[in-house]
Amino acid sequence: MAATTLNVGIIRPGSPPLNVNLAPSHLPADVRRSLETLAHAHAAAAEAEKELAGVRGEAWHAANAKAETARQAAGQAMQEFAALNAASSTAIRDSAQAAFNQAIDRVNTALQQAADGLAEAGQAAALFHSVTPGKPVVRTDTRRANEAPVRHKLAMARSYLNDARSFVPEDLDG
């Protein structure tokens, strides 16, 4: 079973709770496996509780024992996850930094591809607006092509993309 993102609420006296999302892809392999075990144990406990809620009579005792076992297994998985998590804090930071760097690289690549696409669209728009039906295409840098509203919109979009690039952090301290 692949674990999904785990939202952990950290209670801080005098401050609002701090919510931390643990995504398996951001964690080292051993911590990821422990998170998946924890998620599986909690899912099993929730299923056992659900079954317990629908049982009456003599079958309740067996269902209650099953639910109690599942709750204990979930508690044990949480303790093991917490212990491994505490022992692996440096590895977790390194793994999170690597995930951050990969994500930022994807963002920068996507922004560059978007800017390149807008530039290509601008060139196509210039060609479209510079061609006069029945006449040869001699040059595309005509007044009509440069003043086309679509070219201004594309230039504005490229400008916004360039502005967006300046807000993308390069490292975790930025």
Side-chain angles (χ1 to χ4, degrees), residues 1-121 154 157-174:
M1 171 184 169
T4 58
T5 300
L6 176 66
N7 188 345
V8 179
I10 300 171
I11 306 301
R12 302 177 301 164
S15 299
L18 175 65
N19 288 318
V20 177
N21 290 315
L22 298 176
S25 61
H26 299 168
L27 300 172
D30 55 344
V31 178
R32 183 180 316 129
R33 282 190 297 275
S34 182
L35 176 63
E36 290 170 353
T37 301
L38 174 61
H40 181 67
H42 274 282
E47 184 62 31
E49 290 288 340
K50 186 177 176 182
E51 290 174 11
L52 179 62
V55 175
R56 302 284 183 255
E58 294 297 320
W60 184 87
H61 295 290
N64 186 43
K66 181 180 174 184
E68 184 58 34
T69 301
R71 281 192 294 270
Q72 288 175 355
Q76 180 65 29
M78 183 61 183
Q79 288 178 353
E80 290 171 3
F81 176 73
L84 181 61
N85 191 348
S88 304
S89 60
T90 301
I92 291 171
R93 283 179 59 102
D94 293 345
S95 182
Q97 182 171 2
F100 173 85
N101 291 339
Q102 290 171 352
I104 291 299
D105 287 345
R106 287 192 309 270
V107 167
N108 287 328
T109 299
L111 287 172
Q112 183 60 49
Q113 288 174 343
D116 292 346
L118 289 170
E120 184 179 339
L154 290 169
R158 279 198 325 266
S159 174
Y160 286 146
L161 277 177
N162 287 331
D163 288 346
R165 285 182 187 175
S166 68
F167 291 108
V168 177
E170 294 179 11
D171 57 38
L172 287 167
D173 296 326

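- For the pair A70 and A48, the tightest heavy-atom approach, listed with the atom from each and the gap, is CB-CB, 3.9 Å.
- Atoms CD and NZ, on E47 and K50 in that order, are 5.5 Å from each other to the nearest 0.5 Å.
- Minimum interatomic distance between T37 and A77 (heavy atoms only, all atoms of both residues): O-CB, 4.4 Å.
- Put simply, CD on Q113 and CG on L161 are 11.5 Å apart, with the number rounded to the nearest 0.5 Å.
- No side-chain donor-acceptor contact under 3.5 Å links S95 to the backbone of A91.
- Atom CG of N101 is separated from atom CG of L172 by 6.5 Å, given to the nearest 0.5 angstrom.
- Scanning for side chain to side chain donor-acceptor pair (under 3.5 Å) contacts around E68 gives R71, Q72, with sequence neighbours left out.
- The heavy-atom pair separating A121 from L154 by the smallest distance is C-CD1, 3.7 Å.
- Residue F100 qualifies as enclosed at atom CZ: its count of foreign heavy atoms under 6.0 Å is above 12.
- Within the model, atoms CG of D30 and CG of L35 stand 11.5 Å from one another, a figure rounded to the nearest 0.5 Å.
- Note: N108 CG to E170 CD = 8.0 Å, rounded to the nearest 0.5 Å.
- Heavy atoms only, all atoms of each residue included: V55 and A63 are closest at CG2-CB, 4.1 Å.
- For residues 72-101, the set of pairs meeting the salt bridge (Lys or Arg N to Asp or Glu O under 4.0 Å) definition, not counting sequence neighbours, is empty.
- In this structure, CG on D173 lies 8.0 Å from CD on Q97, to the nearest 0.5 angstrom.
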